[in-house]
Amino acid sequence: MRTEDFDYVLPEELIAQKPLKDRDTCRLMILNRADQSITHGVFTDLLEHLQPGDLLVMNDSRVIPARLYGVKKETGARIEFLLIKRLEGDDWETMVRPGRRLKPGDVVSFCAEEGKRLEAEITGYGEDGTRIVRFRYDGIFMERLEEQGMMPLPPYIERPANDEDREDYQTVYAEYDGSVAAPTAGLHFTEDLLVRIAAKGVRLAWVTLHVGIGTFRPVKVDRIEEHHMHFEEYEVSPEAAAAINETIRAGGRVVAVGTTSVRTLESAASYDEKSGLWLVKAGPGRTDIFIYPGYEFHIVKALVTNFHLPKSTLLMLISALYDRTHILAAYEEAVRERYRFFSYGDAMLIE
């Protein structure tokens, strides 16, 4: 398939720049695959579409303040870092701007204050122009990062990150540090809504996938089959695996919240010959799974998701769960109905 097959026209004013005041008041588009209908509501209407015996699976990775601004020690040139992923110890793969200014041996200082020192030495080159850096700091690295870093809002949000984004760009159930972008479908849930969902007899489970920049890299090839995803780390706890497998054995639906949960569940899928069922394996893993039309889903039966960028791997993923024609028709309707798009935008349920 061609990358151009996943394009659509989006007016710029529909790209949400800020979240709504109340997370669960966003709009919800419901795509029913059984009767091919499209209906509209608000996010709390999700309760009506979840049934006792369903299992809602969410990604509990926490977004770190991964954007840093510093100066090159030798010249004073202003440098921007975007941390991509931790490699080992204090070594990170990092996007840098402007990249031409930095070579191995260069040092960038973010804070020189005694007791709060944070700096990084360039130690090598990564993929696609990234740099490998080693941080030096006083005290605890994550404390220094919290002090000096900013939330890594995506580039289509055309404003600097602020203090409110430290809470807004984080799910209410975020627990494990590691993501450089939010699993945005989860941003719509409140603690109260999760309590109400559980009270209906819907089970809740959490998996962890640390969202890397690879999820959002543009597809630069003409044919999508030639695109390669970057690796991301995930973990499925024994408790989550047990809940997922019990739901599958009982004939219930596994409803994923967000494409990162989908990628985790499908990456952890394993065929069980004894039962003849696809189940998930507990434990850590690394995945570069790329889901696009033609993929056969083994675990996920329904999906809560946001509206995604044109020609993105995320749009290709949801087109695999339904089909490209119906997804693009739904996006055209979302534009007509003035839905809010992308990270701080509205939501969609594919059931």
Side-chain angles (χ1 to χ4, degrees), residues 24 28 30-34 43-62 171-176 178 183 185-186 188-211 232-287 289 291 295-305 317-318 320-322 347-351:
D24 59 3
L28 179 69
I30 301 100
L31 304 187
N32 187 307
R33 289 177 291 171
F43 194 75
T44 50
D45 293 339
L46 181 65
L47 271 169
E48 301 174 12
H49 296 268
L50 296 173
Q51 303 301 326
D54 286 346
L55 174 70
L56 199 64
V57 181
M58 296 158 278
N59 181 6
D60 60 9
S61 180
R62 184 176 181 274
T171 64
V172 297
Y173 46 77
E175 186 169 357
Y176 300 106
H188 307 296
F189 288 88
T190 62
E191 293 177 357
D192 176 70
L193 180 57
L194 290 172
V195 169
R196 293 165 63 192
I197 289 172
K200 188 173 180 178
V202 177
R203 299 179 70 181
L204 308 177
W206 287 267
V207 296
T208 306
L209 181 140
H210 294 311
V211 187
E232 293 170 311
E233 297 179 355
Y234 72 84
E235 182 155 7
V236 179
S237 69
E239 295 79 12
I244 294 163
N245 293 337
E246 288 167 8
T247 299
I248 294 171
R249 290 189 179 101
R253 291 189 307 173
V254 175
V255 182
V257 175
T259 56
T260 60
S261 296
V262 172
R263 296 181 71 240
T264 302
L265 293 169
E266 294 298 315
S267 297
S270 177
Y271 184 71
D272 180 63
E273 292 187 359
K274 184 176 180 180
S275 65
L277 298 171
W278 282 89
L279 305 174
V280 299
K281 286 186 175 181
R286 297 176 74 234
T287 181
I289 189 171
I291 297 174
Y295 177 84
E296 180 182 352
F297 285 83
H298 301 305
I299 306 297
V300 174
K301 300 301 181 186
L303 171 64
V304 179
T305 188
L317 184 153
I318 66 170
L321 185 62
Y322 197 172
M348 170 187 286
L349 170 65
I350 304 174
E351 62 176 1

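Keep in mind that what you see is a predicted model, and the values were worked out from it rather than measured.
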| query | Hey, mind stepping through Asn59 and Tyr234 against side-chain contact (heavy atoms from CB on, under 4.5 Å) and telling me if it holds? | reply | CA-CA 10 Å; Asn59 181 6; Tyr234 72 84; over 6 Å; no
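- Across all their heavy atoms, Gly186 and Tyr173 have their closest contact at CA-OH, 3.2 Å.
- Closest heavy-atom contact between Ile299 and Ala269: CG1-CB, 3.8 Å.
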- Yes or no on side-chain contact (heavy atoms from CB on, under 4.5 Å) for Thr305 and Leu317, after CA distance, side-chain angles and deciding distance? CA-CA 11 Å; Thr305 188; Leu317 184 153; over 6 Å; no
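- Ile244 is not listed as a side-chain neighbour of Leu279, based on a closest heavy-atom distance of 4.5 Å or more.
- Counting only residues at least two apart or on different chains, the salt bridge (Lys or Arg N to Asp or Glu O under 4.0 Å) pairs with a member in residues 235-248 are Arg203-Glu246.
- Rounding to the nearest 0.5 Å gives a distance of 6.0 Å between CZ of Arg263 and CG of Leu209.
- In this structure, the side chain of Arg33 engages the main chain of Leu321 through a donor-acceptor pair within 3.5 Å.
- Shortest non-hydrogen contact noted between Trp206 and Ala240 is O-CB, 3.4 Å.
- Expressed to the nearest 0.5 Å, how far OG1 of Thr208 lies from CD of Glu232 amounts to 13.0 Å.
- Identified under the salt bridge (Lys or Arg N to Asp or Glu O under 4.0 Å) test for residues 268-283, with sequence neighbours left out: none.
- Rounding to the nearest 0.5 Å gives a distance of 10.0 Å between CD of Glu351 and OH of Tyr322.
- Counting heavy atoms from C-beta outward, Phe297 and Leu265 have side chains that stay 4.5 Å or more apart.
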**Message:** For a side-chain contact (heavy atoms from CB on, under 4.5 Å) check, start with the C-alpha distance between Val172 and Leu194, then their side-chain angles and the critical distance, and finish with the verdict.
**Reply:** CA-CA 10 Å; Val172 297; Leu194 290 172; 4.3 Å; yes
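- In this structure, Ala241 and Ala282 approach most closely via the heavy-atom pair CB-CB, 3.8 Å.
- Between Trp278 and His298, the ring-plane angle classifies as parallel under the 30° and 60° cut-offs.
- Atoms OG1 and CZ, from Thr171 and Arg62 in turn, are 10.0 Å apart once rounded to the nearest 0.5 Å.
- Between Leu55 atom CG and Met58 atom CE the span is 8.0 Å, to the nearest 0.5 Å.
- Contact detail for Val300 and Glu266: the closest heavy-atom pair is N-OE2, 3.1 Å.
- For Asp24 (side chain) and Thr190 (main-chain N/O), no donor-acceptor pair under 3.5 Å exists by modelled atom type.
- Arg196 meets the salt bridge (charged side-chain N to carboxylate O under 4.0 Å, His left out) test with Asp192; sequence neighbours excluded.
- Under the 4.5 Å side-chain criterion, counting only non-hydrogen atoms from C-beta, Leu47 is in contact with Leu193.
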- Message: Between Phe189 and Leu56, is the side-chain contact (heavy atoms from CB on, under 4.5 Å) condition met? List the steps.
- Response: CA-CA 12 Å; Phe189 288 88; Leu56 199 64; 3.8 Å; yes
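- Nearest heavy atom pair, residue Arg253 against residue Ala302, reads NH1-CB, 4.0 Å.
- The distance from atom CG of Asp54 to atom NZ of Lys301, rounded to the nearest 0.5 Å, is 12.5 Å.
- Judged by distance alone, with hydrogens and angles left aside, the side-chain atoms of Thr247 form no donor-acceptor pair with the main-chain N or O of Gly252 at under 3.5 Å.
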